[in-house]
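Order of listing sets the numbers, starting from 1, for every ligand and every atom in it.
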Amino acid sequence: MNATAPQRSLIIIGAGIAGLSAGVYAQMNGYHTRIYEMHNQAGGLCTAWKRKGYTVDGCIHWLVGSSPQDAFYPLWEEVGLIQGRQFIYQEELMRYASRGGREFIFYTDLDRLEAHLLELAPEDAALIRTFIADTRRMMHMKNAPGEPPELRTLFDNLKGMAEMLPLMGVFRRWGGMDLSGFAKKFANPFLREVFGNILYPNFSLMALMVVMVWLHKKAAGYPLGGSLPMAQAVESRFRQLGGEIHYNARVKKILVENDQAVGVLLENGQEERADDIISAADGHATLFEMLDGRYVDDSLAAFYRSAPLFPPIMYIGMGVNRRMDDVPHSVSGTMLALDQPITVAGQQVDHLDVHVFNFDPSLAPPGKTVMTVLFPTSYEYWKERYAEKERYDAEKQEAALAVVRALESRFAGLERDVEMIDVATPVTFERYTGNWKASWEGWMITPQTMMKRLPKRLPRLKNFWMIGQWVQPGGGLPTGVVHGRQIVQILCRRDGKPFTTSRP
Ligand SMILES: Cc1cc2nc3c(=O)[nH]c(=O)nc-3n(C[C@H](O)[C@H](O)[C@H](O)COP(=O)(O)OP(=O)(O)OC[C@H]3O[C@@H](n4cnc5c(N)ncnc54)[C@H](O)[C@@H]3O)c2cc1C
């Protein structure tokens, strides 16, 4: 690079983990970076909120790469997220509790899980043994993020394929299967019920196996203190490196001249210009609102028309005036089949995903506990209700009461002890993060989308890039940091300078 070349400027839309990470790497590599964020704080979906002395965490269950042995760990170090954080590793991923009171424990340790499955369903021994053996095989899968796909050579790709060869059998057996298909393979009715209900029916089984591997290896822990301090740590690294961040600054349009992105128009009418623009915000809004759909080719349009999303959810936080030490610690809590289904937003709800944060005392005042409950709901229903604010608020309240009442049989005395209830609807997710149809993790990771990567560049539009959960099905925090790093590697390559991860 020419040492006298002027510093190139960069605008990033969105201060979620993807946008913040891109900002950190960009500053490390000499790009003058400004982030515009519509909310009044950083984090996007990686967030938490305070209510009456309790902290309702809106995100983290497990952070992939929490162990120094994992390939993602150095990335978290580079963006400053992991330093000084204490992780805990649970023995249980989750439980499933049926109507009749039967429980399945999804252990994180594969040996324990296999023994438990065999005990519950000896008639499915062959299936169980193959499934667990294949999950163990996946432990040897390379998960290093490596070079951006856009910069990989033919040799890199061939090497990657060769590394996958030992896993071909695993891919053949399970690659095309989702959880509903897996559930149907069991002869045992209880395990059919379990795998049909623990996650989403169209969730890729292999994606679940990857999670099982990380948890088994203790490479994906829960960070004490939860989500927001992690986002704040990356924000602070970005600022220390000289990056600028502007809050309450919603981007309305991306300014384009001669098929080249040149800046952004903020909602307040202000125009900001830069050499490159990266959108780390919602994909649909970026493509169809900020760019008015002008740079969407047929294949991208088809994907946006047909690919499934993580469904919108109700997310209810509760402050409970007692310790709940009798509830086993768990990564994801319990999927509880309700004896009496409840009706919320005109839909019958027969399962609640209940998470008791008794393992993180920092989230509640001494002697008290935070619980969260989530379940899928209708985006359209809540969107319509939001137009009549009083009715919307009243229905939120009703939903919360119905949930607390429904939980009383499992947590006796809950109605009495709940002293804080906070209800987030799909409208809340949309208002605070802008995510399309309130999807809380972008595109659903199904057998069809699992290997899919959407383009980070758009045909015919120069100096514009997209990163984050809308570019890679399954989303998650690791996607954010990987994309943030990769996009700056791409910029450095284009600008003829070496990519660095040291502070300037
Ligand atoms: C309940 C729950 C549990 C989860 N559990 C985990 C977990 O255990 N592990 C894990 O890895 N992931 C988890 N996730 C997923 C993870 O939170 C997300 O995938 C990740 O945070 C997405 O990051 P992002 O930067 O791509 O997008 P976002 O976080 O959505 O960031 C986008 C940012 O852009 C901003 N923005 C949008 N539009 C505009 C605009 N027009 N102008 C300016 N700014 C704009 C938004 O306000 C937001 O800050 C969970 C999510 C939820 C909701």
Side-chain angles (χ1 to χ4, degrees), residues 11-23 34-48 56-66 72 76 81 93 211 214-215 220-223 226-228 230-231 234-235 245-254 264-268 272 277-286 289-291 310-317 331-333 353 355 372-375 424 426 428-436 438-443 445 466-484:
I11 282 178
I12 296 173
I13 308 168
I17 291 298
L20 290 169
S21 302
R34 281 164 289 159
I35 299 182
Y36 291 93
E37 164 57 49
M38 66 176 198
H39 193 16
N40 59 13
Q41 64 177 17
L45 286 162
C46 180
T47 196
V56 180
D57 198 284
C59 172
I60 197 70
H61 293 63
W62 62 74
L63 182 77
V64 169
S66 60
F72 282 94
W76 294 129
L81 176 143
L93 166 56
V211 172
W214 270 314
L215 292 171
Y222 169 85
S227 304
L228 195 55
M230 296 197 294
V234 186
E235 188 221 30
I245 188 157
H246 300 268
Y247 289 113
N248 302 308
R250 184 189 199 110
V251 172
K252 206 169 148 196
K253 294 284 173 201
I254 291 160
V264 294
L265 169 69
L266 302 182
E267 203 167 45
N268 66 6
E272 297 292 337
I277 314 295
I278 297 176
S279 177
D282 168 64
H284 189 271
T286 300
E289 292 168 27
M290 297 180 210
L291 286 167
F310 273 86
I313 50 172
M314 295 289 286
Y315 195 78
I316 302 181
V331 176
S332 285
D353 191 343
H355 202 184
T372 59
V373 176
L374 76 83
F375 54 91
T428 321
F429 279 87
E430 188 182 58
R431 284 174 56 225
Y432 286 96
T433 71
N435 278 294
W436 188 39
S439 169
W440 55 281
E441 218 167 311
W443 307 106
I445 189 158
M466 286 175 75
I467 57 170
Q469 65 173 11
W470 290 95
V471 178
Q472 184 162 328
L477 303 174
T479 298
V481 74
V482 169
H483 283 190

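Every atom of ligand 1 is numbered from 1 in the order shown, and the set under 4.0 Å from a heavy atom of Gly468 is 26 (O). Atoms of ligand 1 lying under 4.0 Å from at least one heavy atom of Tyr36, given by number and element, are 43 (C), 44 (N). Under a 4.0 Å criterion applied to the non-hydrogen atoms of Ala18, ligand 1 contributes the atoms 25 (O), 26 (O). Interface atoms of ligand 1 facing Tyr432, defined by a heavy-atom separation under 4.0 Å, are 47 (O). Those atoms of ligand 1 that come under 4.0 Å of a heavy atom in Gly14, given as number and element, are 33 (C), 34 (O), 35 (C), 44 (N). For ligand 1, the atoms sitting less than 4.0 Å from at least one non-hydrogen atom of Pro478 are 11 (O), numbered in the order shown with element in parentheses.
Of all protein heavy atoms, the one lying nearest to atom 44 (N) of ligand 1 is Met38 N, 3.1 Å. Distance from atom 36 (N) of ligand 1 to its nearest protein heavy atom, with residue and atom name: Ala281 CB, 3.8 Å. With hydrogens left out, the protein atom closest to atom 42 (N) of ligand 1 is Val251 N, 2.9 Å, a heavy atom. Looking at atom 8 (O) of ligand 1, its nearest protein heavy atom turns out to be His61 N, 2.7 Å. For atom 28 (P) of ligand 1, the closest non-hydrogen atom on the protein side is Leu45 N, 3.9 Å. Closest protein heavy atom to atom 52 (C) of ligand 1: Trp440 CE3, 3.2 Å. The closest protein non-hydrogen atom to atom 31 (O) of ligand 1 is Gly16 CA, 3.5 Å. Annotation: atom 47 (O) of ligand 1 to nearest protein heavy atom, Glu37 OE2, 2.6 Å.
Of the N or O atoms in Gly19, none lie within a sub-3.5 Å distance of an N or O in ligand 1. The shortest N or O to N or O distance between His39 and ligand 1 is not under 3.5 Å. For ligand 1, one of its N or O atoms has an N or O atom of Ile17 under 3.5 Å away. Ligand 1 has a nitrogen or oxygen under 3.5 angstrom from a nitrogen or oxygen of Asn435. Residue Gln469 has at least one N or O atom closer than 3.5 Å to an N or O atom of ligand 1. In terms of polar-atom proximity, Ile13 is not counted as a contact of ligand 1, lacking any N or O under 3.5 Å from an N or O of the ligand.
For the pair Ala285 and ligand 1, no heavy-atom separation below 4.0 Å is found. For the pair Trp470 and ligand 1, no heavy-atom separation below 4.0 Å is found. In this structure, Ser227 falls outside the shell of residues with a heavy atom less than 4.0 angstrom from ligand 1. Heavy atoms of Met290 approach ligand 1 to within less than 4.0 angstrom.
How far OG1 of Thr372 is from NE2 of His61: 6.0 Å, rounded to the nearest 0.5 Å. Distance check: Asn248 CG to His39 NE2 gives 9.0 Å after rounding to the nearest 0.5 Å. Here the straight-line distance linking atom CD of Glu289 with atom NZ of Lys253 works out to 7.5 Å at 0.5 Å rounding.
Checked against the 6.0 Å centroid criterion, the rings of Phe429 and Trp440 do not qualify as a close aromatic pair.
Here the side chains of Asn435 and Trp470 are in contact, with some heavy-atom distance below 4.5 Å. You'll find the side chain of Ser332 reaches within 4.5 Å of the side chain of Trp62, heavy atoms only. Between Ile316 and Leu374, the closest side-chain pair of non-hydrogen atoms is not below 4.5 Å. Between Tyr36 and Ile11, the closest side-chain pair of non-hydrogen atoms falls below 4.5 Å. Lys252 has its side chain out of reach of Met290: every pair of non-hydrogen atoms, C-beta onward, lies at least 4.5 Å apart. No side-chain heavy atom of Thr428 sits less than 4.5 Å from a side-chain heavy atom of Tyr315.
Partner of Met230 under the side-chain contact (heavy atoms from CB on, under 4.5 Å) criterion, out of Ile17, Leu81, Thr47: Leu81 alone. A side-chain contact (heavy atoms from CB on, under 4.5 Å) with Ile13 holds for exactly one of Ile254, Ile35, Ile278, Asp282; it is Ile254.
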CA sep, side-chain torsions, deciding dist, call: Gln469, Leu45, side chain to side chain contact (heavy atoms under 4.5 Å, CB included): CA-CA 10 Å; Gln469 65 173 11; Leu45 286 162; 3.3 Å; yes

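Atom 21 (O) of ligand 1 has its nearest heavy-atom neighbour, among Asp353, Leu477, Asn248, in Leu477. When Gly58, Cys59, Ala280 are checked for heavy-atom proximity to atom 53 (C) of ligand 1, Gly58 turns out nearest.
What you find for Ile60 and Ser227 is that their closest heavy atoms are N-OG, 2.9 Å.
Remark: Asp353 pairs with no residue by the side-chain hydrogen bond (donor to acceptor under 3.5 Å, both in side chains) rule, at least two apart or across chains.
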